[in-house]
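Numbers for residues simply follow the sequence, beginning at 1.
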Amino acid sequence: MLNLVLFGPPGAGKGTQSEKLIAKYHLVHLSTGDLLRSQIAAGTELGQRAKSLMDQGILVPDEVVIGMIDSKLNENQTAPGFIFDGFPRTVPQAQALDDLLTIHDERITTMVALVVEEEELTRRLLSRGQTSGRPDDQNEELIRRRVKEYNEKTTPVAGYYSNQGKYAAIDGVGDINNIFEAICHKVTEAQQD
Ligand code: AP5
Ligand code: MG
């Protein structure tokens with residue numbers, strides 16, 4: 001099985017690259033941001049609670065996203081692998097993911113981190129905000145808040161995987177296809193370990 005964590009700040013290209021990775025490796029895509037937005041669209045209680053935090057660029061509580069991932073792993077027991085996009089975003093989430101995968105006799109193959117600096121992230125998300133309708137893309141202050149949240153709470157997750165020898169950084173700036181090739185190269189290396 002291939003279980004890939006695609007890591008990086010808001011706007012780094014996790015969703016963009018996930019689509020290409022799914023097409024190549026036939027993985028199940030688990031994006032906690034997409035799952036939360038589905039809950040909001042469906043008007044569930046979980047969605048209503050998450051919406052106010054997401055609209056402010058603040059992380060939702062760990063137990064909410066861990067519960068969603070737990071359900072999805074159980075629903076997809078015959079999948080050839082998973083791509084985790086926007087999860088784990090805190091060290092407790094990373095620990096919980098390891099525990100859940102152990103129950104399924106599985107493990108993370110590698111984490112690939114897309115490295116993009118803040119000015120480029122802001123440009124990309126403001127541009128997407130003109131058409132996406134995502135409330136959290138609507139103004140620069142909010143986007144910078146999301147990046148700050150990432151820097152404070154999420155960057156330690158890179159160290160968590162680095163300590164396990166499962167961290168690979170990729171330059172996330174440039175041609176989308178070239179970035180994809182670089183990710184695939186890291187995946188191949190990790191599969192040979
Ligand atoms: P989430 O939905 O995960 O959003 P995010 O991580 O903030 O980032 P994006 O999805 O906006 O960016 P992306 O990296 O996928 O980039 P994309 O490919 O779209 O989370 C939203 C919220 O949900 C969080 O703030 C939090 O509240 C909550 N949440 C989610 N998961 C959580 C968790 N685990 N724990 C707690 N809370 C959680 O690309 C961005 C743009 O750039 C696009 O327009 C794209 O076309 C463009 N682009 C992509 N690649 C390139 C390139 N190489 N060059 C130029 N443009 C590019
Ligand atoms: Mg995304």
Ignoring hydrogens and geometry beyond distance, is a side-chain donor-acceptor pair present between [X] and [Y] at under 3.5 Å?
X: H185; Y: E181; result: no
X: T90; Y: D62; result: yes
X: D98; Y: Q164; result: yes
X: T44; Y: Q39; result: yes

State, to 0.1 Å, how close [X] and [Y] come at their nearest heavy-atom pair, and which atoms those are.
X: L121; Y: G11; result: CD2-C, 3.6 Å
X: L100; Y: H104; result: O-CD2, 3.2 Å
X: P10; Y: V147; result: CG-N, 4.2 Å
X: V157; Y: V91; result: CG2-N, 3.8 Å
X: L126; Y: E140; result: CD2-N, 3.8 Å
X: E149; Y: L59; result: OE2-N, 2.8 Å

Q: Indicate yes or no: does E120 engage R124 in a salt bridge with an N to O separation below 4.0 Å.
A: yes
Rounded to the nearest 0.5 Å, how far apart are [atom1] of [X] and [atom2] of [Y]?
X: Q77; Y: E106; atom1: CD; atom2: CD; result: 10.5 Å
X: R144; Y: E118; atom1: CZ; atom2: CD; result: 4.5 Å
X: T122; Y: D137; atom1: OG1; atom2: CG; result: 11.0 Å
X: F82; Y: I108; atom1: CZ; atom2: CD1; result: 10.0 Å
X: L4; Y: Q17; atom1: CG; atom2: CD; result: 11.0 Å
X: K166; Y: N3; atom1: NZ; atom2: CG; result: 9.0 Å

Within the 4.5 Å heavy-atom criterion, are [X] and [Y] side-chain neighbours or not?
X: T110; Y: V5; value: no
X: P135; Y: K51; value: yes
X: P88; Y: T154; value: no
X: V65; Y: V60; value: yes
X: D99; Y: I103; value: no
X: T109; Y: M1; value: no
X: P92; Y: Y160; value: no

When you measure from the side chain of [X] to the backbone of [Y], do you find a donor-acceptor pair of N or O atoms at a distance under 3.5 Å?
X: N76; Y: A79; answer: no
X: T32; Y: G86; answer: yes
X: K14; Y: G8; answer: yes
X: Q48; Y: I40; answer: no
X: S162; Y: A158; answer: no

Say whether [X] and [Y] are linked into one hydrophobic cluster, either directly or through other cluster members, by side-chain heavy-atom distances under 4.5 angstrom.
X: V187; Y: L97; result: no
X: F84; Y: L2; result: no
X: V173; Y: I170; result: no
X: L30; Y: M111; result: yes
X: L36; Y: V28; result: yes

Q) Does F7 have its ring centroid less than 6.0 Å away from the ring centroid of Y150? A) yes
Is it true that, when you exclude [X] itself, more than 12 heavy atoms of the residues, nucleotides or ligands shown sit nearer than 6.0 Å to its [atom1]?
X: E19; atom1: CD; result: no
X: Q191; atom1: CD; result: yes
X: D105; atom1: CG; result: no

Q: Take R134 and L125 through the test side chain to side chain contact (heavy atoms under 4.5 Å, CB included) and record every step on the way to the result.
A: CA-CA 10 Å; R134 266 181 64 166; L125 294 180; over 6 Å; no
Q) Under 6.0 Å from the six-membered ring centre of F180 and within 45° of its axis: does the NZ or CZ of K20 meet both? A) yes
Q: Under the salt bridge (Lys or Arg N to Asp or Glu O under 4.0 Å) rule, what do K148 and E152 come out as? Steps first, then yes or no, please.
A: CA-CA 6 Å; K148 185 164 178 278; E152 289 177 2; 3.1 Å; yes
